[in-house]
Amino acid sequence: MPTNDDHAGPSRPHHTKPVRTKAQAKRARRKLTEDDVTVVEESLLKRAVAAAALGNAMEWFDFGIFAYLTVTISKVFLPEGDPAANVVATFGFFAAAFIVRPIGGAVFGPIGDRIGRQKVLALTMILMAAGTLAIGLIPSYDTIGFWAPILLLLARFLQGFSTGGEYGGAATFIAEYSPDKRRGFMGSWLEFGTLAGYVLGASIVTGLQFGLSEDALLSWGWRIPFIIAGPLGLIGLYLRLKLEETPAFQKQQEQAQERESQKTPFLRLFAENWRSLVICIGLVLVFNVTDYMLLSYMPTYLEQNLGEDSTFGLILIVIVMILMMVVITFGGRLSDRFGRRPVLAAGCIGFIVLSWPALQLVQSGTGVGVFFGLLILGLVLVTFTSTMPSTLPALFPTIIRYGALAIAFNVSVSLFGGTTPLATSALINAAQDAGFGWAEDIPAFYLMAAAVIGLVAVYFTKETASSPLMGSGPTVASEDEVAGVIKDYNDPTSELAQSDWAKEFSTSEIPIISGDVPSSGDAPKEPAGS
């Protein structure tokens, strides 16, 4: 795994480095200088976070409206048949986008590590808007027959390919811009943008369902939110083209040029970080299963399984998401103060304990009961949405952060998160056909199982709150903080000095040998961690 030699300047030939025995290395400690500390101006930080979050909102508006129009889309693009079977088939179209997400992550991630985060995020914005606009222009099944679902599938593939590069890039972008002590708070704005996109999409769909007759909605009304994606995509593209590249990436690129002959292949770096990849997959699993269960599947569950009016379910989901937006940045602040692991563990335990009672409230059929059941799930979900954007990028070093996060994130989302509506709907139908009385409780069991897996992943996650990102130096919000960071690093009892980052940084230029200093003819051993 790369060490903080990544930002230490040009590597020197091994024979010119001072050699230490293990005993001497314990006493030797690399000095932290002002050049190692990055200062990000507050105005630049706010502009970068706002642009990334707004662009993310545009992307998730595009992606979310498909879920909110699932029942309508099943009637437009599929032949008449069993409504429940058609809904399951349409959830298959929803899940289809997730099949290509790992491919998008594998393409866009390494490119983002090579040419920059900002350029790739602008490209994903264009592709997402194009895919969403295309869905709004596809003729219905009654017009072109089987070509309608085929073209829908192709448009979903384009959306999924685009999204494969979105979250990993946006999370990396904000994390690399954020001061170490505020990374949780700043990262929470990314999911604020996601919720804003969902709210916008759900609000437009709700307005259409409320204001149009069913015939008008099926005929042309459903196309409106997809066509809106065109101009929204242009706005998002403009915002992202105005962004400046992250300081961490700029430093890494400068050092890469200085060490051109010593570059390590991406696949080797990727393999060396396998533990972080596995942890990332586990964290993303619980994050996205719970996210898609509440924000994407619940409106359909209320309509299809509980017989509620479609508008009723969407209105409640919109209210819940707005309340989540109100508290999400407070969750980010909590993770900065108390750590990422306690907040994430609380969320996992919350879903294990509260999923079934919350679903019982949803099944009560009363407006108040349904609302509070959804609200409970939403508030527990905030522990993930507020904390994951700062937790996941910190798992990987700068040199492969975008690529590793994009690939691990999308593999997990494709296998577990995006398939949640399809799997849950299919399991309920199968349980009902088998005559099981607990069939309608399957969503709660699904959430609880995901939370158990997530809790295991949290246990193996290292605490990174207030610590510099791997492969980077400390990041602060003002010049006044630089001296304080250096003082903390030099104080062996401080939190910074005891962090994993400090332990790696302090020895990253000190070659360690097992015995005494070798004679002049012997070659010293490689530096620890090089």
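Numbers here simply count residues along the sequence, with the first being 1.
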So, the side chain of [X] versus the backbone of [Y]: is there a donor-acceptor pair under 3.5 Å, distance only?
| X | Y | result |
| --- | --- | --- |
| R340 | E463 | no |
| S414 | V411 | no |
| E245 | Q118 | yes |
| T132 | A129 | no |
| D488 | S494 | no |
| R240 | L121 | yes |
| T419 | L422 | no |
| R117 | G169 | no |
| T398 | M470 | yes |
| T420 | F416 | yes |

- request: Mind running side chain to side chain contact (heavy atoms under 4.5 Å, CB included) on Y402 and F249 for me, showing each step along the way?
  value: CA-CA 10 Å; Y402 193 161; F249 178 79; over 6 Å; no
Would you mind reporting whether [Y] and [X] have side-chain heavy atoms less than 4.5 Å apart?
| X | Y | answer |
| --- | --- | --- |
| N288 | S412 | no |
| I428 | E440 | yes |
| F66 | L152 | yes |
| P247 | V40 | yes |
| L302 | V362 | yes |
| L496 | S499 | yes |
| V284 | M388 | no |
| T385 | T194 | no |

message: Run T329 and R333 through side chain to side chain contact (heavy atoms under 4.5 Å, CB included) and show every step you take.
response: CA-CA 6 Å; T329 57; R333 289 184 187 275; 5.5 Å; no
Looking at [X] and [Y], what are the two nearest heavy atoms and their distance?
| X | Y | value |
| --- | --- | --- |
| L294 | L381 | CD2-CD2, 3.9 Å |
| A477 | R182 | CB-NH1, 4.3 Å |
| W501 | G473 | CZ2-CA, 4.1 Å |
| G378 | V320 | CA-CG1, 4.2 Å |
| A465 | D336 | CB-O, 4.4 Å |
| S355 | M448 | CB-CG, 3.8 Å |

task: Please indicate whether Q498 has more than 12 foreign heavy atoms, meaning atoms of other residues, nucleotides or ligands, lying under 6.0 Å from its CD.
output: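 Buried by this count: over 12 neighbours within 6.0 Å.
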message: Is it the case that over 12 heavy atoms from other parts of the model lie below 6.0 angstrom from the CZ atom of F312?
response: yes
Could you label the plane-to-plane angle of the [X] and [Y] rings as parallel, tilted or perpendicular, counting under 30° as parallel and over 60° as perpendicular?
| X | Y | value |
| --- | --- | --- |
| Y167 | F409 | parallel |
| F173 | Y177 | tilted |
| Y301 | Y297 | tilted |

field: CA sep, side-chain torsions, deciding dist, call: F226, I65, side chain to side chain contact (heavy atoms under 4.5 Å, CB included)
entry: CA-CA 8 Å; F226 291 96; I65 52 180; 3.7 Å; yes
Measure the [atom1]-[atom2] distance between [X] and [Y] for me, rounded to the nearest 0.5 Å.
| X | Y | atom1 | atom2 | answer |
| --- | --- | --- | --- | --- |
| I328 | L379 | CD1 | CG | 11.5 Å |
| C280 | I407 | SG | CD1 | 10.5 Å |
| D113 | T172 | CG | OG1 | 7.5 Å |
| L283 | I453 | CG | CD1 | 11.5 Å |
| K181 | T475 | NZ | OG1 | 12.5 Å |
| I322 | I317 | CD1 | CD1 | 11.5 Å |

- request: Please report the C-alpha distance between L469 and R183 in whole Å, then the side-chain angles of each, then the deciding distance to 0.1 Å, and finally whether the side chain to side chain contact (heavy atoms under 4.5 Å, CB included) criterion is met.
  value: CA-CA 10 Å; L469 294 171; R183 189 171 294 117; 3.7 Å; yes
- prompt: Within 45° of the six-membered ring axis of F396 and under 6.0 Å from that ring's centre, is NZ or CZ of R401 located there?
  reply: no
message: Side chains of E191 and S386: any donor to acceptor distance under 3.5 Å?
response: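 No.
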task: Would you please indicate yes or no on a ring centroid separation below 6.0 angstrom for F161 and F108?
output: yes
- prompt: Does A202 have any side chain to side chain contact (heavy atoms under 4.5 Å, CB included) partners at least two apart in sequence or in another chain, and if so, which?
  reply: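 Checked A202 against side chain to side chain contact (heavy atoms under 4.5 Å, CB included); matches are Y68, L314, V318, M321.
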